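All remarks here apply to the structure that follows.
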Amino acid sequence: MCNILYEGKSKIVCKGRDESTLLIRYKDTATAFNGEKKAELSGKGVLNAAISNLIYAYLEENGVKTHLVEVVDDTSVIAKKAEIIMVEVIVRNVAAGGFSKKYGVPEGSELKNIVLEFCLKSDDLGDPMINESQITAIGLATDEELGYMAGQALKINELLRSLFEKAGIRLIDFKLEFGRSGGEVILCDEISPDSCRLWDAETNKKLDKDRFRRDLGDVLDGYRDVLARLKNVR
Ligand code: C5P
């Protein structure tokens, strides 16, 4: 077992190989609605690790700086230690989830432009939406960092849309987290069906965590499908 520094909802963070790295282990735990709904889904950790590692390798190849250093085994990676910026960045290509609910826009509606949202990363406060002047006012990030994160989020959206499109999957929306490491801002956390909405391009079948949130059937069937399709195009 590793030397645990912190246990989150879906990952365990352990000491890394040296002071500048961490070992991150994906768990099988699925949570939704700020931890109110919880289940153990055997195999989820392996699937999310594989999907996220494949995506991070693709992003790195395309010039996105990420925390990923090395894949250790089927659930663990070595990542650069970073000071997490407590702002979640959400990118939306199609209306769904929280956006549909909050603004009364039917799920699946096309959007006239890409939507970028910032949320305060706080389980206690339920991750409330926060605007740029609020973020800088309370010192969560500087204007420069926010501009960089927004630019990276849009670049990552273009790269992921193209990757998923080849795999016959629509990228509806997703969440990113960034951190400060070695004087730069890098992409942290994971990109997986836990943090993205992914719909089959032909049928709009949901292949992501909404299967868990909404009890839509075998959750990991969707995740397995995403991984198999991504492997086909990578
Ligand atoms: O719930 P909402 O519609 O705001 O979520 C937008 C996207 O961000 C979804 O893909 C969801 O899975 C992801 N998300 C996340 N973690 C959060 C909030 C949202 O991964 N804390």
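These values consider heavy atoms only, across backbone and side chains, with no hydrogens, waters or symmetry-generated copies. Fair warning: this is a prediction, and the values are worked out from it, not measured in the lab. First listed ligand is number 1; within each ligand, the first listed atom is number 1.
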Applying a heavy-atom cut-off of 4.0 Å, say which part of Asp208 lies close to ligand 1: side chain, backbone, both or neither. neither

Closest non-hydrogen protein atom to atom 18 (C) of ligand 1, residue and atom name please, with distance? Glu88 OE1, 4.0 Å

Using a 4.0 Å cutoff against the non-hydrogen atoms of Asp127, which atoms of ligand 1 qualify? 21 (N)

Only one of Arg229, Lys205, Arg170 passes side-chain hydrogen bond (donor to acceptor under 3.5 Å, both in side chains) with Asp200, and that residue is Arg229

Do Ser122 and Asp124 have side-chain atoms, one donor and one acceptor, less than 3.5 Å apart? no

How far is atom 10 (O) of ligand 1 from its nearest protein heavy atom, and which residue and atom name does that atom have? Asp173 OD1, 2.6 Å

Using distance alone, determine whether Gly98 and ligand 1 share an N or O pair under 3.5 Å. yes

Would you tell me whether Asp173 and Asn93 have side-chain atoms, one donor and one acceptor, within less than 3.5 Å of each other? no

Could you check whether Glu144 and Thr142, counting side-chain N and O atoms only, form a donor-acceptor pair closer than 3.5 Å? no

Close approach of Arg213 to ligand 1, heavy atoms, under 4.0 angstrom: yes

Below 4.0 Å, non-hydrogen atoms only: which portion of Ser195 touches ligand 1? Side chain, backbone, both or neither. both

With nothing but distance in play, are any N or O atoms of Arg92 less than 3.5 Å from an N or O of ligand 1? yes

For atom NZ of Lys38, is the number of surrounding heavy atoms from other residues, nucleotides or ligands below 6.0 Å larger than 12? no

Specify the protein heavy atom at minimum distance from atom 16 (N) of ligand 1: its residue, its atom name, and the distance to 0.1 Å. Lys175 CE, 3.4 Å

When you measure from atom 19 (C) of ligand 1 to every protein heavy atom, which one gives the shortest distance, and what is it? Ile90 CD1, 4.1 Å

Do you know which of Lys9, Lys175, Lys44 makes side-chain hydrogen bond (donor to acceptor under 3.5 Å, both in side chains) with Asp194? Lys44

Do any heavy atoms of Asn34 fall under 4.0 Å from ligand 1? no

Lys209 near ligand 1, heavy-atom distance under 4.0 Å? no

So with a 6.0 Å cut-off around CD of Glu7, is the heavy-atom count from everything else above 12? yes

CD/Glu40: more than 12 non-hydrogen atoms of other groups inside 6.0 Å: yes

With distance as the sole criterion, is a donor-acceptor pair present between the side chains of Glu60 and Thr66 under 3.5 Å? yes

Atoms in ligand 1 flagged as close to Gly97, the criterion being non-hydrogen separation under 4.0 Å: 3 (O)

One finds that the ligand 1 atoms under 4.0 Å from a non-hydrogen atom of Asp194 are 12 (O), 20 (O)

Please state which protein non-hydrogen atom is closest to atom 5 (O) of ligand 1 and give its distance, to 0.1 Å? Arg197 NH1, 3.5 Å

Is atom NZ of Lys65 surrounded by more than 12 heavy atoms (other residues, nucleotides or ligands) closer than 6.0 Å? no

